[in-house]
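Here the structure comes first, spelled out in structure tokens, and everything after it is commentary.
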There are 2 protein chains.
Amino acid sequence: MAHWFVSHGRDEFPRWREAFPAARLVSAADAKLLAMPGDAVWIMDDTPQWPSLAMPLGQRGVIVVIMSLAPSGHDALQALQAGARGYLHALAKPALMEQAALVTQNQGIWVPADLMGRVLGATYQALGGEPRLPSDELSALTERERDVALAVARGKSNKEVARHLDITERTVKAHLGAVFRKLGVRDRMQLVLRLGQHAEVS
Amino acid sequence: MAHWFVSHGRDEFPRWREAFPAARLVSAADAKLLAMPGDAVWIMDDTPQWPSLAMPLGQRGVIVVIMSLAPSGHDALQALQAGARGYLHALAKPALMEQAALVTQNQGIWVPADLMGRVLGATYQALGGEPRLPSDELSALTERERDVALAVARGKSNKEVARHLDITERTVKAHLGAVFRKLGVRDRMQLVLRLGQHAEVS
DNA sequence: TCGTTACTTGTCCATCGGTACAATACCCAG
DNA sequence: CTGGGTATTGTACCGATGGACAAGTAACGA
């Protein structure tokens, strides 16, 4: 199985060579001619009309991976839609690139974990899935935990919440810890992002 | 790495045993207790509230794969959105299940190729490709400060932002301090409350 | 009565987050 | 050339945060 790299710029990407010493850097036109089914073609997203290059390759059974210096959820979705099986940062560690190669060669899809959530969330909701109602989230909490969660979601510090609810800061932490556990978030930032639009209550 | 199977029905799934002889069939409750990060939990979609089971497991680093006797694009998206890393037919060939295991263990996503194409094709159009312009708030920031601000607004920690932008945590703090000063906010909580809706950009 | 749940508070500690004191380097306009 | 803006990194300090480990009270149902 051969590896081909397509990049518009003249930039050198030593990580590519490190991960795949036998790979060749080719033009977009050459990639179309040279890549055989089962081969892997790594395309930098600075390549003009890269979706138009990825699509026919993907349909021919070529494994296409799009690489970007500035990955975004939108581009990841576009890449997958264009037939790419992977999307990752152009400066990813060689070990990560090899992992992506392994995954894509086995019919898997490789997308950075942080992009996954947003891509899928947007996709799922676009298809009419439940937008994950905050009220559902909150129903799992006790009344006191809900008070604390909503206050924190409005940007209050533990100390401020404690004053507002007339309890000690330690108790706020206790409730907050329960909230984190029940909602499966790791800190108050994640909580704000999940309950963000629900921050209108006093 | 251990394999766990969760199924509501009493059905036997000989393919499971064939692909993973050392695997154990457990209840949903036991799966929560027994599965460790790195383990794989295979959940039949006849399990009541399987998304609620998949979500905490996935967040704990457990590899979750949803299996169905009647796969659909909608369910596949719901599975992935719930934190599952794979979705496949319950009667898939053992070789295919092993392939799915390999892919998911390497941070990949495994979804039947035909489902992926249909689902993504439909959604990309529904989402429409809008590049999302920089807002008024962000126009006062330098490019680097914007990168940091948007990453933080997505809930990233300073350490994560540093890794993402390939700079030290100290530099992240420097940029973030400038962001706070320019936008007139006190901390990252206020920042996420102000930029919350712009958390889509990379 | 006993077990469970919710609510409350305590101490200790590791880590994170934000700031104040810097410094070095690059680029660009004047 | 020189100053200003940007990007980068360093050390040090300290408050904020979150978890570990406990424990007390009150209410409610079996």
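If you're wondering where the values come from, they're calculated on a predicted model, not measured in any experiment. A, B, ... follow the sequence lines: proteins, then strands. Residue 1 opens every chain.
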Ion pair check, B:Glu145 and B:Lys173, cut-off under 4.0 Å: no

Would you indicate whether the side-chain heavy atoms of B:Val152 and B:Val161 approach each other to under 4.5 Å? yes

Could you tell me if the side chain of B:Ile66 sits less than 4.5 Å from the side chain of B:Asp75, heavy atoms only? no

Which atoms of nucleotides 3-7 of chain C (N or O only) lie under 3.5 Å from a protein N or O atom, and what are those distances?
unit_1 : atom_1 : unit_2   : atom_2 : d
C:dC7  : OP1    : A:Arg144 : N      : 3.4
C:dC7  : OP2    : A:Thr142 : OG1    : 2.3

If you find the nucleotide of DNA chain D closest to A:Arg170 and the one closest to A:Lys159, which residue's nucleotide is nearer the 5' end? A:Lys159

Separation of A:Gln105 CD from A:Trp110 CH2 (nearest 0.5 Å): 14.5 Å

Hey, is NZ on A:Lys156 packed in by over 12 heavy atoms from elsewhere, all under 6.0 Å? no

Distance check needed: C:dC16 C1' versus B:Lys173 NZ, whole Å only. 7 Å

Of all nucleotides in DNA chain D with an atom under 4.0 Å from a non-hydrogen atom of chain A, which is the first and which the last going 5' to 3'? D:dA16 to D:dC21

By nearest atom, which of the nucleotides C:dT11, C:dT8, C:dA20 is closest to the A:Ala174 side chain? C:dT8

Residues B:Ala101 and B:His3: closest non-hydrogen pair is CB-CE1, 4.3 Å

Could you tell me how far apart B:Asn158 (CG) and C:dT19 (P) are, to the nearest whole angstrom? 11 Å

Residue B:Glu169, side-chain atoms from C-beta onward, closest of C:dG17, C:dT8, C:dG18: C:dG17

Within a 6.0 Å radius of atom CZ on A:Arg186, are there more than 12 heavy atoms belonging to other residues, nucleotides or ligands? yes

What orientation do A:Phe20 and A:Trp42 show, parallel under 30°, tilted 30 to 60°, or perpendicular over 60°? tilted

Within this structure, what is the CG-to-C1' distance between A:Asp187 and C:dG17, rounded to whole angstrom? 11 Å

Roughly, in whole Å, what's the span from CG in A:Leu176 to C1' in C:dT9? 16 Å

